[in-house]
Amino acid sequence: MRGSFYGALVFHNCMALIGIVSSLAETGQLETYQQPLVSLLATALVGLTILVGVERLFITPTRSGETGVPTA
């Protein structure tokens, strides 16, 4: 199941990237983004780290078959 989750994530992000780049090209604003924005890349890395962490801690079952959610 983990592979299909990350596969869908990559697929939808690629489709969104194609849409955004084509829209920027049509309006002539693509030149604005010729250099990578470090703050945007850092935000994406933090978001991906949080996503993977939540998926591994709370969604993916542990070896004993539990959900991984801590109980009191």
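Quick caveat, the model's predicted, so the values are computed rather than measured.
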*Asks:* Checking Ile18 now: which residues fulfil side chain to side chain contact (heavy atoms under 4.5 Å, CB included) with it, not counting sequence neighbours?
*Replies:*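 Checked Ile18 against side chain to side chain contact (heavy atoms under 4.5 Å, CB included); matches are Met15.
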
*Asks:* Check for me, please, whether Ile50 and Phe58 land in the same ILVMFWY cluster - side-chain distances under 4.5 Å, paths through other members count.
*Replies:*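 Yes, same cluster.
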
*Asks:* Please give the remaining members of the hydrophobic cluster of Leu41, linking ILVMFWY side chains under 4.5 Å, ordered by chain and number.
*Replies:* none

*Asks:* Out of curiosity, does Leu40 fall in the hydrophobic cluster containing Val46 (side-chain heavy atoms, cut-off under 4.5 Å, transitive links)?
*Replies:* no

*Asks:* Say you draw a straight line from CG of Leu37 to OG1 of Thr32; how long is it, rounded to the nearest 0.5 Å?
*Replies:*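 So the CG of Leu37 and the OG1 of Thr32 are separated by 10.0 Å.
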
*Asks:* At their closest point, which heavy atom of Gln34 faces which heavy atom of Glu31, and how far apart are they?
*Replies:* CG-O, 3.2 Å

*Asks:* Using 0.5 Å steps for rounding, measure from the OG atom of Ser22 to the CG atom of Leu30.
*Replies:* 10.0 Å

*Asks:* Is there side-chain contact between Tyr33 and Val21, with at least one heavy-atom pair below 4.5 Å?
*Replies:*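 No - every pair of side-chain heavy atoms lies 4.5 Å or more apart.
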
*Asks:* Who are the side chain to side chain contact (heavy atoms under 4.5 Å, CB included) partners of Ile20, not counting sequence neighbours?
*Replies:* Leu24

